[in-house]
There are 2 protein chains.
Amino acid sequence: MTEPAKPDVAATPAPVKKHARDGKSSATIYDIARVAGVNPSTVSRALSKPGRVSAKTQKLIEDAAAELNYHVNPFARALPTGRTSTFGLIVADITNPTFFDIIRGAGATATARDYTLVLADSAESAVTELTTARRMMATVDGLILASPRMDDDDIRALARDKPVVVINREVDGVPCVVPDVNKGISEAVRSLAANGHKKVAYVAGPSQSWMSAQRWDGVRSACEWSRLEAVRLESSKPTVDGGRQAAREVLASGATAVLTYNDLLAIGLMRELQAAGLMVPDQISIVGFDDIFGADFTTPPLTTVRSPLGECGSGAATILLDHLAGTGAETPDTLRVETELVLRGSSGRLIPAK
Amino acid sequence: MTEPAKPDVAATPAPVKKHARDGKSSATIYDIARVAGVNPSTVSRALSKPGRVSAKTQKLIEDAAAELNYHVNPFARALPTGRTSTFGLIVADITNPTFFDIIRGAGATATARDYTLVLADSAESAVTELTTARRMMATVDGLILASPRMDDDDIRALARDKPVVVINREVDGVPCVVPDVNKGISEAVRSLAANGHKKVAYVAGPSQSWMSAQRWDGVRSACEWSRLEAVRLESSKPTVDGGRQAAREVLASGATAVLTYNDLLAIGLMRELQAAGLMVPDQISIVGFDDIFGADFTTPPLTTVRSPLGECGSGAATILLDHLAGTGAETPDTLRVETELVLRGSSGRLIPAK
DNA sequence: TTGTACGCGTTATCAG
DNA sequence: CTGATAACGCGTACAA
């Protein structure tokens with residue numbers, strides 16, 4: 001696509017190299033040293049660890065640096081130290097709103113602590129995920145994996161190389177940040193029970209998804225506790241389309257209330273059910289997970305169990321950065337954050353058919 | 001938040017340095033050279049430019065590399081060459097769905113051409129945008145600016161340093177990728193005219209937005225052509241909330257059809273209007289721009305003018321990468337892509353009040 | 001406190 | 001076609 005024509009390379013009159021490396025390339029510590037009349041190593045010290053140099057030479061050097069518009073060369077710095085002031089974040093799908101707040105949260109604490117965040121997308125594939133992770137490992141100081149699809153063992157292998165933090169999944173021996181689903185789910189189920197529902201369906205996500213299993217566990221035990229019947233259904237994929245396709249099974253199950261693995265499924269399901277003539281929530285209640293962007297665009301707006309994804313992102317970044325600051329043997333284990341029910345219009349009292 | 005307890009640093013028995021740099025750090029070309037019985041420089045040649053070395057030594061080296069699980073060190077490579085096989089993409093807001101497809105498109109062609117995409121968010125601020133851009137310039141080979149908020153001059157200054165491509169805006173002297181709004185807008189306006197509308201409002205975006213100006217121009221001239229009255233209204237910010245706030249002015253304007261700078265505004269506007277008791281589209285038609293994720297979640301689903309954002313992203317990346325491949329003096333100028341109307345439920349025939 | 005000298009892993013420039 | 005050697009820009013023991 002958009003390939004420029006190849007043939008017209010013939011008559012290239014003046015091969016004007018723009019962006020040339022020649023001439024006044026950016027200044028180095030040597031230039032500063034010359035201007036300030038000191039040794040390059042002194043410049044290095046002054047610019048990295050303030051305090052290891054006398055006050056006046058410090059100022060001398062800083063002035064020269066400012067004048068020469070000096071910027072450190074990250075590569076030259078990374079070579080001897082091995083540190084890049086950079087960490088990676090890999091998400092399954094950049095366009096999945098679930099990850100927005102995670103990205104924001106991680107990004108915010110990154111810049112707050114003078115780190116650069118490198119973001120990558122694994123296209124929902126376990127193998128590309130591993131590939132990207134490996135590629136990244138070469139350029140970053142640490143890695144955050146959000147809802148990873150790869151094996152526990154692969155994650156641990158990565159973690160042996162450099163610090164790794166996992167979000168939305170528990171992996172033994174690796175620091176994790178996971179929402180505790182129980183509070184949000186039990187609120188949701190209690191609300192459903194109070195509204196006259198007797199049978200609840202859970203539409204599951206991808207089979208490799210640790211989080212989907214968690215949620216099903218939570219739903220099942222909450223239902224048990226509230227003396228509701230719980231049934232688990234499968235979905236083809238955790239998207240709006242997947243939700244549409246799940247509608248048949250949901251109907252067939254006889255459940256009057258549905259929780260879905262995520263909001264995308266919930267939205268698709270709701271639309272398909274409405275298209276089939278059902279009233280939401282009068283005839284069937286629908287509850288999603290995550291409270292993604294757009295969850296309140298629907299009619300009725302979606303009831304959902306919200307995870308504090310922003311906190312997850314910033315929490316993971318904090319753990320990672322603390323780990324990198326490396327005061328020693330911190331084993332932050334797993335950080336749990338609370339979930340809560342966001343009650344909107346898609347769930348409510350069941351109106352018995354006449 | 002989530003600060004780990006500091007005090008318990010006391011009893012740290014074995015300061016086990018995990019992730020140590022010591023011992024079997026990753027293999028270098030020297031290791032390969034030793035194993036293959038050749039000179040390091042030969043290894044370098046064999047691994048970078050295939051063909052500049054005899055077939056059998058080539059294989060020898062490749063085998064050794066594979067055995068030692070060798071990976072190039074990007075920093076060491078970048079130091080002498082100045083090239084990083086990396087380019088940056090700066091968007092105003094990662095959580096704004098408008099940019100999804102741009103990101104995807106750029107990311108896809110990046111990996112297709114063995115480049116790594118570094119993504120950054122400017123938090124909708126012109127100054128952070130410039131700051132991040134400058135920071136990035138040190139680590140990337142080139143830069144893509146999507147809907148930049150900074151001055152033309154700043155962009156040109158950046159472009160003097162390294163190749164820059166701009167999306168959604170035209171900047172003199174810099175390669176640009178811009179959707180041509182005219183086709184989509186004229187389709188939209190013709191449709192409105194055919195449905196009995198006489199007066200059309202345009203709710204504008206940020207004043208610095210080049211694209212917002214383009215769209216207003218398009219709306220005005222299309223209305224002129226169709227003999228409709230066109231009026232321009234302002235918005236506080238290009239978000240759902242901004243759309244809500246614009247509802248009063250829209251009502252006051254007397255227009256029966258509204259085009260908004262983007263879908264977010266359209267969604268907010270529609271919800272507020274509906275909350276006020278208006279029927280969409282019977283009493284008022286609403287048309288957005290971009291066809292973002294969630295635009296069809298609303299009731300009625302949103303009519304919108306779609307830009308091929310994916311194409312924009314991949315197109316910009318292609319231009320940039322071709323530029324970097326640098327066969328010489330390609331001046332791709334600006335690449336225009338077509339827009340089209342996506343007709344959904346939020347626009348339609350005007351039902352005259354009795 | 002500051003200067004000296006060397007290494008980080010790779011590419012580029014020469015000879016051979 | 002291949003081997004030696006000098007950069008690339010910065011950090012850092014070590015010595016002064």
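Just so it is clear: chains get the letters A, B, ... in the order the sequence lines come, proteins before strands, and each one is counted from 1.
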Student: Return the angle between end axes of the helix from C/dT1-D/dA16 to C/dG16-D/dC1, with five pairs used per end and rounding to 10°.
Tutor: 40°
Student: Between atom CG in B/D31 and atom P in C/dC8, what is the gap in whole Å?
Tutor: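 Going from CG in B/D31 over to P in C/dC8 covers 11 Å.
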Student: Rounded to whole angstroms, how far apart are CG on B/L79 and P on D/dC8?
Tutor: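 After rounding, the gap between these two atoms is 9 Å.
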Student: Between B/R156 and B/D172 (side chain of the first, backbone of the second, donor and acceptor by atom type, cut-off under 3.5 Å), is there such a pair?
Tutor: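 Such a contact is found between B/R156 side chain and B/D172 backbone.
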Student: For the pair made of CZ in B/F75 and C1' in D/dG11, what is the distance, rounded to whole Å?
Tutor: 15 Å
Student: Nearest whole angstrom, please: distance from the P of C/dA12 to the CD1 of B/I29.
Tutor: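 So the two atoms are 11 Å apart, to the nearest Å.
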Student: Quiz question: by atom type and distance under 3.5 Å, do the side chains of A/T128 and A/T131 form a donor-acceptor pair?
Tutor: no
Student: Tell me every residue that passes salt bridge (Lys or Arg N to Asp or Glu O under 4.0 Å) with A/E170, counting only those two or more places apart in sequence or in another chain.
Tutor: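 If we apply the salt bridge (Lys or Arg N to Asp or Glu O under 4.0 Å) test to A/E170, skipping adjacent residues, the hits are A/R336.
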Student: Find the distance A/N73:CG to D/dC8:C1' and express it as a whole number of Å.
Tutor: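 To the nearest whole Å, that distance equals 8 Å.
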Student: Base, sugar-phosphate, or nothing: which does A/V72 touch, judged by heavy atoms less than 4.0 Å apart?
Tutor: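 Sugar-phosphate, backbone atoms only, no base.
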Student: Can you tell me the distance, in whole Å, between the CZ atom of B/R34 and the C1' atom of D/dG3?
Tutor: 17 Å
Student: Which residues pass the side-chain contact (heavy atoms from CB on, under 4.5 Å) test with B/R77, not counting sequence neighbours?
Tutor: B/S48, B/V72
Student: Is any side-chain N or O of A/K49 closer than 4.0 Å to OP1 or OP2 of D/dT12?
Tutor: yes
Student: Who passes salt bridge (Lys or Arg N to Asp or Glu O under 4.0 Å) against B/R135, sequence neighbours left out?
Tutor: none
Student: Think B/R77 has a side-chain N or O under 4.0 angstrom from the OP1 or OP2 of C/dG9?
Tutor: no
Student: Does B/D93 pair with A/R104 as a salt bridge, N-O distance under 4.0 Å?
Tutor: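 Answer for the salt bridge query: yes.
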Student: Looking at DNA chain C, which of residues 56-65 of chain B put a heavy atom within less than 4.0 Å of it?
Tutor: none
Student: Are OP1 or OP2 of C/dT11 and a side-chain N or O of B/S44 less than 4.0 angstrom apart?
Tutor: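 It does, given that an N or O in the side chain of B/S44 lies less than 4.0 Å from OP1 or OP2 of C/dT11.
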Student: For residues 36-44 of chain B, dump all side-chain donor-acceptor pairs below 3.5 Å to protein atoms at least two apart in sequence or in another chain.
Tutor:
unit_1: B/N39; atom_1: OD1; unit_2: B/S41; atom_2: N; d: 2.9
unit_1: B/N39; atom_1: OD1; unit_2: B/S41; atom_2: OG; d: 2.9

Student: Got a sec, which residues hit side-chain contact (heavy atoms from CB on, under 4.5 Å) with B/D154, two or more places apart in sequence or on another chain?
Tutor: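 Per chain and number, B/D154 pairs via side-chain contact (heavy atoms from CB on, under 4.5 Å) with B/L130, B/M150, B/D151.
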Student: Polar-atom pairs under 3.5 Å, protein N or O versus N or O of nucleotides 3-6 of chain C: list them with distances, or write none.
Tutor:
unit_1: C/dG3; atom_1: OP2; unit_2: A/N39; atom_2: N; d: 3.0
unit_1: C/dG3; atom_1: OP2; unit_2: A/T42; atom_2: OG1; d: 2.6
unit_1: C/dG3; atom_1: N7; unit_2: A/R45; atom_2: NH2; d: 2.7
unit_1: C/dG3; atom_1: O6; unit_2: A/R45; atom_2: NH1; d: 3.1
unit_1: C/dT4; atom_1: OP2; unit_2: A/N39; atom_2: ND2; d: 2.9

Student: Side chain of A/A76: nearest nucleotide among C/dT10, C/dT2, D/dG9?
Tutor: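 Of all the options, the side chain of A/A76 is nearest to D/dG9.
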Student: For A/N73, check side-chain contact (heavy atoms from CB on, under 4.5 Å) against everything at least two apart and list the hits.
Tutor: A/F75, A/A76, B/L79
Student: Specify the separation, in whole Å, of atom CG of B/L47 and atom C1' of D/dT2.
Tutor: 16 Å
Student: With sequence neighbours excluded, tell me which residues meet side-chain contact (heavy atoms from CB on, under 4.5 Å) with A/A146.
Tutor: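 Expected list: A/L89, A/V91, A/F99, A/I102, A/I167.
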Student: Tell me the salt bridge (Lys or Arg N to Asp or Glu O under 4.0 Å) pairs involving residues 36-56 of chain B, sequence neighbours left out?
Tutor: none
Student: B/L68 has an atom CG; how far is it from atom P of C/dG9, in whole Å?
Tutor: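 Value for this atom pair: 13 Å.
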Student: Tell me every residue that passes side chain to side chain donor-acceptor pair (under 3.5 Å) with A/N69, counting only those two or more places apart in sequence or in another chain.
Tutor: none
